[in-house]
Number of protein chains: 2
Amino acid sequence: MAPAPTLASADRRIEILKSAAAAFRRRGYHGASVDEIASALEMTKGNLYYYFRNKEEILYACHEYSLDVLLALLDDVRADASTPDQKLRRLILAFVHLLLDELQATALTIDLQALSPPLLRKIIARRDAFDRGLREIIQQGMDAGTFAPGNPKMVAFAVMGAVNWITKWYDPAGPLTSEAIGQAFADYLVGGLTRMPGEPAPPLPPPAR
Amino acid sequence: MAPAPTLASADRRIEILKSAAAAFRRRGYHGASVDEIASALEMTKGNLYYYFRNKEEILYACHEYSLDVLLALLDDVRADASTPDQKLRRLILAFVHLLLDELQATALTIDLQALSPPLLRKIIARRDAFDRGLREIIQQGMDAGTFAPGNPKMVAFAVMGAVNWITKWYDPAGPLTSEAIGQAFADYLVGGLTRMPGEPAPPLPPPAR
DNA sequence: CACAGCGTTGAACGAGCGTTCAACGCTGTG
DNA sequence: CACAGCGTTGAACGCTCGTTCAACGCTGTG
């Protein structure tokens, strides 16, 4: 309602990225039109080309931005001196929060393959860095015996899949808060499902309904 | 190499679906062209319209086919009289197998939203049926105390996410067989990650590398 | 008041793609 | 040999969408 005060150019770029991320999530990269991205911001599509060279650059910037956020998170988690299971738990909680509340539920889900090879390589390199960090935490847990032995790569893929998939069913208007989802996922993905007879349940907040 | 013997019409339809599913997975629905789907089968795009009314109908048929396969699996698993954890394990193993070896790694991953509302509703109804079946198994495990208490809906989402995400990183030419992936995922998603001190590890095949 | 430049507009272009369709060959039948 | 019909072709159409660009208003400066 308030007549938007003129935005600095950098802010405008971020506005565009958010609109684009939302459109890409709903329709996919090829399905979302440049006009659609612009209209959501009440600007013309021609104007977008003042801020970005082309549609691909917008997609690239979306991924770049998401990775900035996620790699910063990873660094944070690595730095704190806690046990692997605490680290993993914190990582999942924060990932879900960032994904749903800051990244328009888009992060790593949108068509990477739509990028041309040079840009694609850059993004993949950074995504791999994130993967490695995640695997490292899992490996540490296995080495320490906190986690069951297994293939850390596969566990990492499973965790990433579970979390990224949230964007497919999450409804911001629905009853589930990003907080509650994060808790439930951290509980399950770190604590596990099966309870051996007589095993004490790990500390839980009042059982989520 | 062998000059393909003339295929019956129904077989030809399935060939098309497989090619389409592969193309959709790589490029997304809007990114994949009708011509691309046809060329992979060495036919012209015009010819596709002898078998399907339009591109959307191809997408619809892909989902329909996937759901046929998956709902049949669900029925199978429900019918067998075993414990919830065994059922869940079997479901995951078979799901991964079907997904990677039969469904061109495509199942539920491709842009549902690209379907027009009437078709979309039909697919969503069947997908929900699958979800309900999965949740039911999880609920039974929780009721029986085999599984930790929690929200079965969230656990089901996490499992589906982990499994469907496989299509994003699986490489048929890579070292991992669909079998190995299924085992690792079933181990993790059913057995869990965390080991309490002194807890016996659940039976595992020789620790996967 | 003149000027400069940033941000914006809206029309236009051109390519790509989904879809249509008239025509064609091949196969089996009478 | 004539005919029918299935499966196929390839060209053409029309629409959508990404991209370009000349022109315009608004704001602040000298």
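Just so we're on the same page: letters track the sequence lines, and every chain starts at 1.
- Using a 3.5 Å distance cut-off with no hydrogens or angles, the side chains of Glu36(B) and Ser39(B) do not pair a donor with an acceptor.
- Distance CD/Gln86(A) to OG1/Thr146(A): 9.5 Å, rounded to 0.5 Å.
- The phosphate of dT9(C) (OP1 or OP2) has a side-chain N or O of Thr44(A) nearer than 4.0 angstrom.
- Listed nucleotides dT19(D), dG18(C), dT9(C) differ in distance to Met43(A); the shortest reach to its side chain belongs to dT9(C).
- Atom-to-atom, CD1 of Ile16(B) to P of dG18(C) comes out at 15 Å; the value is rounded to the nearest Å.
- For Lys45(A), the listed nucleotide lying nearest its side chain is dA12(C); candidates were dT8(D), dA12(C), dT19(C).
- The backbone N or O of Leu17(A) lies less than 3.5 Å from no partner atom in the side chain of Ser19(A), so there is not a single donor-acceptor pair.
- Protein atom CG of Leu41(B) is 14 Å distant from nucleotide atom C1' of dT8(D), rounded to whole Å.
- Computed from coordinates, the Asn54(A) CG to dA15(C) P distance equals 17 Å when rounded to whole Å.
- Two residues are said to be in side-chain contact when any heavy atoms from C-beta on lie closer than 4.5 Å; Leu93(A) and Phe185(A) fail this criterion.
- A salt bridge does not link Lys122(B) to Glu64(B): none of the charged nitrogens lies less than 4.0 Å from a carboxylate oxygen.
- Separating the CZ atom of Arg13(B) from the P atom of dT8(D) is a distance of 14 Å, rounded to the nearest angstrom.
- If you check dT8(C), dT19(C), dT19(D) against the side chain of Lys55(A), the one that comes closest is dT19(D).
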Given Phe157(B) and Trp169(A), is the ring pair (Phe, Tyr, Trp, His ring centres under 6.0 Å) satisfied, shown in steps? CA-CA 8 Å; Phe157(B) 277 144; Trp169(A) 53 265; 4.0 Å; yes

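- In summary, the side chains of Asp35(A) and Ser33(A) do not present any donor paired with an acceptor at a separation below 3.5 Å, with no hydrogens or angles considered.
- A salt bridge links Asp68(B) with Arg126(B): at least one charged nitrogen is closer than 4.0 Å to a carboxylate oxygen.
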For DNA chain C, please output the secondary structure as dot-bracket, reading 5' to 3'. Pairs are Watson-Crick or G-U wobble, both atom distances under 3.5 Å; mark crossing pairs with [ ], other-strand partners with |, unpaired with a dot. ||||||||||||||||||||||||||||||

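- Side-chain atoms of Ser178(A) and Asp101(A) include a donor-acceptor pair closer than 3.5 Å.
- Phosphate proximity of dT8(C) to Tyr51(A): present, with a side-chain N or O under 4.0 Å from OP1 or OP2.
- Summary of the strand contacts: Asn47(A) and Asn47(B) both lie near DNA chain D, and taking for each the nucleotide with the nearest heavy atom, the more 5' one is attributed to Asn47(B).
- Whole-Å rounding puts the Tyr49(B) OH to dC21(C) C1' distance at 13 Å.
- By the 6.0 Å contact criterion, NZ on Lys55(B) is enclosed, its count of non-hydrogen atoms from other residues, nucleotides or ligands being greater than 12.
- OP1 and OP2 of dT19(D) both lie 4.0 Å or more from every side-chain N or O belonging to Arg53(A).
- Of the residues in residues 57-64 of chain B, not one comes within less than 4.0 Å of DNA chain D through any heavy atom.
- Contacts between residues 22-37 of chain B and DNA chain C, defined by a heavy-atom separation under 4.0 Å, are made by Ala32(B), Ser33(B), Val34(B).
- With respect to Asp131(A) and Lys153(A), no salt bridge is recorded, no charged nitrogen being found less than 4.0 Å from a carboxylate O.
- The CG atom of Leu176(A) lies 13.0 Å from the CD atom of Gln183(A); values are rounded to the nearest 0.5 Å.
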